[in-house]
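Notes follow once the structure below has been shown.
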Amino acid sequence: MAEQAEATSSSSTLTDDQYDEACDLIGEGVNWIARFRENKDASLLEKAIANFRDSLRIWTKGHPDRPIPLTNLSNGLWHRFEVEGKMEDLEEALAYAEEAFPMHHPGELGYYATLQLLRSTMGARFEYTNNMEDLRKTLEYSRAFHQLHTHDDPNRSATLVVTSNCLLASFKRKGDLEELEECIQLLQESLQLRPPNHPFRSESLHTLAQALHLRFEQSGNQKDIENAT
């Protein structure tokens with residue numbers, strides 16, 4: 001998951017002590033998340049989530065810094081969902097990310113992190129619900145997220161594959177050929193970014209083969225089936 005948003009905004013209506021306390025809670029929580037990633041100690045994750053909840057009580061609704069604890073709390077809950085698989089954590093993580101996102105601005109670390117959280121949490125919920133609206137939103141967030149990565153960004157190929165998987169899932173349910181064409185185009189671009197020695201090239205090849213086979217079933221173009229194999 002993307003690095004957490006940092007507390008750098010103005011103190012606004014808080015007293016200096018309240019603002020310092022909220023910043024300390026966020027900073028300590030971010031450090032606990034980093035340590036959790038290293039050693040997978042669940043107690044550190046619980047401490048981080050508790051800190052983010054406490055900071056959220058300081059930065060109440062209407063405060064300009066509120067998206068900072070919202071995004072960090074969403075991130076902590078997403079990590080816990082990945083460990084424990086509890087749907088209540090997933091739903092809560094998604095809700096906090098949805099509240100935070102409109103308050104972040106493009107170019108901010110928080111915007112990037114929250115959009116990535118929305119893509120991940122909505123995608124995970126779709127896997128549980130198989131709900132088309134969840135898939136539609138996952139695709140929307142995935143498109144927006146990969147567009148943040150320029151062609152020379154080392155992470156662009158991975159974001160392209162995620163979006164293409166969403167498009168493939170949507171095509172299988174709706175049969176929209178435009179989505180299938182977009183899927184193939186994104187996968188072809190991901191292959192250009194993953195040369196033969198790339199460790200994840202096979203991922204792009206496998207998904208592209210699926211997409212080309214589906215297009216062959218629609219068009220009967222023998223070239224698609226040849227390229228798929």
Side-chain angles (χ1 to χ4, degrees), residues 1-16 18-38 44-83 89-125 134 137-150 152-156 158-160 162-163 166:
M1 185 56 58
E3 185 179 354
Q4 290 86 0
E6 297 177 356
T8 57
S9 301
S10 65
S11 59
S12 187
T13 59
L14 299 180
T15 66
D16 289 345
Q18 288 174 317
Y19 181 72
D20 289 346
E21 180 186 2
C23 290
D24 288 344
L25 286 166
I26 292 290
E28 192 174 40
V30 169
N31 288 335
W32 276 328
I33 290 284
R35 288 173 57 191
F36 163 76
R37 288 174 176 164
E38 292 175 359
L44 297 173
L45 187 54
E46 295 301 324
K47 289 179 179 179
I49 290 172
N51 267 38
F52 298 146
R53 289 194 191 281
D54 286 342
S55 66
L56 194 61
R57 284 189 279 270
I58 296 173
W59 279 319
T60 55
K61 286 190 176 182
H63 193 281
D65 289 333
R66 185 170 171 82
I68 296 170
L70 285 171
T71 296
N72 282 285
L73 180 53
S74 174
N75 187 58
L77 290 164
W78 167 247
H79 279 300
R80 192 166 70 182
F81 167 75
E82 289 186 300
V83 173
D89 282 339
L90 178 61
E91 293 289 355
E92 195 176 7
L94 176 56
Y96 286 132
E98 287 180 324
E99 182 182 348
F101 188 61
M103 293 184 274
H104 287 298
H105 302 289
E108 293 179 349
L109 175 60
Y111 182 91
Y112 180 97
T114 309
L115 184 56
Q116 186 177 22
L117 281 164
L118 285 169
R119 183 195 69 170
S120 299
T121 54
M122 189 64 76
R125 191 169 76 174
D134 287 347
K137 288 183 177 179
T138 303
L139 179 54
E140 176 186 337
Y141 295 139
S142 295
R143 280 185 175 128
F145 190 65
H146 91 242
Q147 288 168 2
L148 295 179
H149 297 76
T150 58
D152 58 352
D153 189 318
N155 295 317
R156 180 171 172 82
T159 67
L160 291 171
V162 171
T163 304
C166 292

Tell me whether [X] contacts the main-chain N or O of [Y] through its side chain, where contact means a donor paired with an acceptor under 3.5 Å.
{"X": "T163", "Y": "S142", "value": "yes"}
{"X": "D89", "Y": "L77", "value": "no"}
{"X": "S120", "Y": "L117", "value": "no"}
{"X": "T138", "Y": "G123", "value": "yes"}

About how many Å separate [atom2] of [Y] and [atom1] of [X], when rounded to the nearest 0.5 Å?
{"X": "N75", "Y": "L70", "atom1": "CG", "atom2": "CG", "answer": "12.5 Å"}
{"X": "I26", "Y": "I58", "atom1": "CD1", "atom2": "CD1", "answer": "9.0 Å"}
{"X": "F52", "Y": "T71", "atom1": "CZ", "atom2": "OG1", "answer": "10.5 Å"}
{"X": "N51", "Y": "E28", "atom1": "CG", "atom2": "CD", "answer": "5.0 Å"}
{"X": "M103", "Y": "E108", "atom1": "CE", "atom2": "CD", "answer": "11.5 Å"}
{"X": "E140", "Y": "L115", "atom1": "CD", "atom2": "CG", "answer": "9.0 Å"}

Give the ring-plane orientation class for F145 versus H149, where under 30° counts as parallel, over 60° as perpendicular and anything between as tilted. perpendicular
Are R57 and D54 ion-paired here, with the side-chain N under 4.0 Å from a carboxylate O? yes
Who pairs with [X] by salt bridge (Lys or Arg N to Asp or Glu O under 4.0 Å), at least two apart in sequence or on another chain?
{"X": "E91", "value": "R125"}
{"X": "R35", "value": "none"}
{"X": "E92", "value": "R53"}

Closest contact, heavy atoms only, [X] versus [Y]:
{"X": "I68", "Y": "N72", "value": "O-ND2, 2.8 Å"}
{"X": "S55", "Y": "A22", "value": "CB-O, 4.1 Å"}
{"X": "A97", "Y": "T114", "value": "O-CG2, 3.4 Å"}
{"X": "Y96", "Y": "S74", "value": "CB-CB, 4.0 Å"}

Decide yes or no for W59 and L14: does some side-chain heavy atom of the first lie under 4.5 Å from some side-chain heavy atom of the second? yes
Sub-4.5 Å side-chain heavy-atom contact between T121 and F81: no
For the pair E99 and R66, evaluate salt bridge (Lys or Arg N to Asp or Glu O under 4.0 Å) and give the outcome as yes or no after the intermediate values. CA-CA 10 Å; E99 182 182 348; R66 185 170 171 82; 3.0 Å; yes
